[in-house]
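Data first, discussion second: the structure below is written as structure tokens.
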Amino acid sequence: MDRPKILIVDDKHQNLYAMERLLRALDVEVMQADSGARALGLALEEDFSVAIVDVQMPEMDGYELVELLRGNESTAALPVIFVSAIFSDEYHHRKGYEAGAVDFLSKPFVPEILLSKVQVFVALYHQRRRLLTLIDELDRANESLTRSTLQLETSAQVGRQVTGNLDPGGLLEEVVSLVQSRFGYYFVGVWLYNERREALTLQAASGRNGLSSGAALAISCDADQSIIAHAAQTRQIYLCADVACDELYLALDALPDTRSEIALPLEARQELFGVLDIQSSRLNAFASEDVYALQILADQIAIAIRNARLYSQIVRLNEDLEERVRQRTADLEKAYRELEALDSQKSDFIQVMAHELRTPLTLVRGYGQMLLEDGGYEEDSFYHQQLRGIVLGADRMHDVVNSMLDMVRLESGAVMLDFQILDLSALFESLRGSIERVLRERDLTLTLEPDLYQLPEVEVDAESIAKLFAQLVLNAIKYTPDGGAITVSGRCVPGPADGPGGQHVEIVVSDNGIGIAPDLQDLIFTKFYRAQRALLHSSSKTKFKGGGPGLGLAIARGIVGIHGGKIWVESPGCDEATCPGSRFHVLLPVRQPEQDLPGL
Ligand code: ADP
């Protein structure tokens, strides 16, 4: 630290000399003035700890000098000790204090007293200097704190903006204007690589000049051409404290006042998007803590750009996907319409064919029967057997043709229904009676469970319901090996949740036959579908694995449908060796609703 300075003022040189000698005892620097005017000049130039002023001086006496010192802001606080030989009375002392003296010494003075007084002021001076230094440090700390707070606030604000904004253009606009206005920079811009990455274009800009985001500015990516391109190519921050001394500085016409510049690469997850460029009109404008804060900002901006780009990619993908789904749906709808048309053509064809076949078939069957009955052939003769074959074949074909017509009628909704109250157990009894011979031939049992007899009577179209259960039992016979068991059970259940409600009966026809693979359990209810196509042995209605046209279950489903019921099958799978069996469930409402009876 500098030695404290002491100003001694006296018009007599020997006094000045003596005083200086005396003061040498202290660690101080003494400066002499032999007149008031000279003392004034020195006091304005130097920072004295105390002035020792002789009162009696020609031209400007001590009092006048101190009055002038008090009148000037920079010297007003200078402590003054008046020294006087002649005017040592009360009056002059007071005058001295009035003029601004802090102390008063009469000549001849005791050197120790003078030294101890001066020492007090020197100590005060030291203290004042320390205080000033402290205040200075505090000011600096305060300033840096204010700046850090501002930086943090800006970072936080940018953070909030970047997370909430997925529109890249709007986002960058907001960020550059925020950074520029908060820190008062001359110019803040974001330069991004163009699509082919051969130039950096100004995407967003804010500044105290004419250069704004609207300016279509592009600069070369060559690292030697600009600070911006250099930062991008090296992926390093480039700080230029004085653009006048930097060859990389690229002067832009719109930014004539730039004195220093910093360029920060915008990089997120190793992907480089461009550069955050900040220019200041002050030399050396970017302190190290600024660089740190700007780096955080640049990182946030880069993440935001990445997010925004990912978002727009997802939006594009979504739109693409939606378009494809639209296209596929349209294709499917078209295919469905074509299928519907085909199906209806098929139904028309079946109807026409069935009708056309019925007449000749009736003839074949009638004449065959007549010949059988009236032809006079022996029962075991060759012709008799051939004729029986013809009649049986015609019967079978008749059944098939009838099934086809049933199917077509069910599909077109042209079924004549005659609802009446029916006892299902009686229906099954009668069915069992009609197939007794077949059951015997195939060594099969058909058990009607006791619960079947507890069922309430149901309101149904008796003819079609008889067809339905005959089909299920005949199927059970067909797909169960000789010696197997068929069981029919029934119970009362509440109506399904998706139906009109009311009491229902559930009939289950189960067998211990070959079973049905799970993936076919829905398909077998579609017309002409047969699961065991390859296994078929014959076209008999009752032989094991006798083939059929694949219409039985489709008709069954149609019949259940017009009664407002449901039909489905349960089976562990198809296996001829282990015969896991099948269970066909039929759910029928006990009563039909009053209105809207299905059918005509
Ligand atoms: P089909 O004239 O072929 O018998 P259905 O519509 O009656 O036609 O049956 C369709 C297919 O369902 C049959 O080909 C058969 O594979 C399967 N199926 C029907 N009932 C049974 C059953 N009880 N056990 C095993 N498979 C069955």
Side-chain angles (χ1 to χ4, degrees), residues 343 346-347 350 354 392-393 395-411 428 431-432 435 438-439 442-449 464-489 507-561 566-586:
D343 202 51
K346 196 164 79 184
S347 295
I350 291 168
L392 269 177
D395 275 349
R396 184 85 186 98
M397 277 181 81
H398 207 261
D399 285 348
V400 172
V401 167
N402 279 346
S403 295
M404 285 178 168
L405 284 172
D406 282 347
M407 189 68 243
V408 173
R409 274 193 217 113
L410 279 165
E411 273 183 345
F428 278 103
L431 178 61
R432 182 163 61 181
I435 55 170
V438 180
L439 291 171
R442 296 273 324 276
D443 190 20
L444 294 165
T445 56
L446 171 60
T447 310
L448 305 183
E449 293 282 350
S464 54
I465 287 293
K467 256 190 209 167
L468 156 73
F469 287 118
Q471 183 67 46
L472 293 186
V473 172
L474 283 173
N475 274 0
I477 291 172
K478 251 190 340 187
Y479 298 106
T480 304
D482 293 0
I486 301 158
T487 311
V488 182
S489 62
I507 312 293
V508 181
V509 179
S510 48
D511 60 53
N512 57 359
I514 59 172
I516 303 164
D519 55 335
L520 303 180
Q521 289 173 10
D522 272 340
L523 278 175
I524 55 171
F525 291 99
T526 50
K527 64 186 177 207
F528 302 114
Y529 189 85
R530 291 165 304 165
Q532 285 86 14
R533 226 170 282 234
L535 304 170
L536 298 181
H537 290 170
S538 75
S539 63
S540 164
K541 264 163 83 172
T542 53
K543 280 195 182 143
F544 180 45
K545 294 191 289 181
L551 283 172
L553 289 181
I555 292 173
R557 189 175 63 177
I559 293 171
V560 174
K566 287 189 170 181
I567 183 168
W568 71 97
V569 66
E570 286 168 359
S571 171
C574 178
D575 192 327
E576 269 189 64
T578 59
C579 283
S582 312
R583 289 167 64 82
F584 281 84
H585 296 249
V586 174

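Keep in mind that what you see is a predicted model, and the values were worked out from it rather than measured. Both ligands and their constituent atoms are indexed starting at 1 by order of listing.
Under a 4.0 Å heavy-atom criterion, Q471 is in contact with ligand 1. At least one heavy atom of F584 sits closer than 4.0 Å to an atom of ligand 1.
Distances from atom 20 (N) of ligand 1 to the heavy atoms of D511, N475, V473, I486 show the closest one on N475. Nearest to atom 8 (O) of ligand 1 by heavy atom, out of P580, G550, G513, C574, is G550.
For a threshold of 3.5 Å applied to N or O pairs, the pair formed by A554 and ligand 1 contains no separation below that value. Polar contact with ligand 1: present for L553 (N/O pair, distance under 3.5 Å).
Below 4.0 Å from some heavy atom of S582 lie the following atoms of ligand 1, by number and element: 24 (N), 25 (C). The G515 neighbourhood of ligand 1 comprises atoms 25 (C), with distances under 4.0 Å to a heavy atom of that residue. The ligand atoms of ligand 1 that sit less than 4.0 angstrom from a heavy atom of K478 are 1 (P), 2 (O), 4 (O).
Heavy atoms of other residues, nucleotides or ligands lying less than 6.0 angstrom from CG of D343 number more than 12.
In terms of modelled atom types and a separation under 3.5 Å, the side chain of Q521 and the main chain of I516 share a donor-acceptor contact. Looking only at distances, a side-chain donor or acceptor of N512 sits under 3.5 Å from a matching main-chain atom of A485.
At a threshold of 4.5 Å between non-hydrogen side-chain atoms, the residues R409 and L405 count as touching. For the pair Q471/I559, no side-chain contact is recorded, criterion being any heavy-atom separation below 4.5 Å from C-beta on.
Among all heavy-atom pairs drawn from G515 and S582, the shortest one is CA-OG, 3.4 Å. A554 and M407 get closest at one heavy-atom pair: CB-SD, 3.8 Å.
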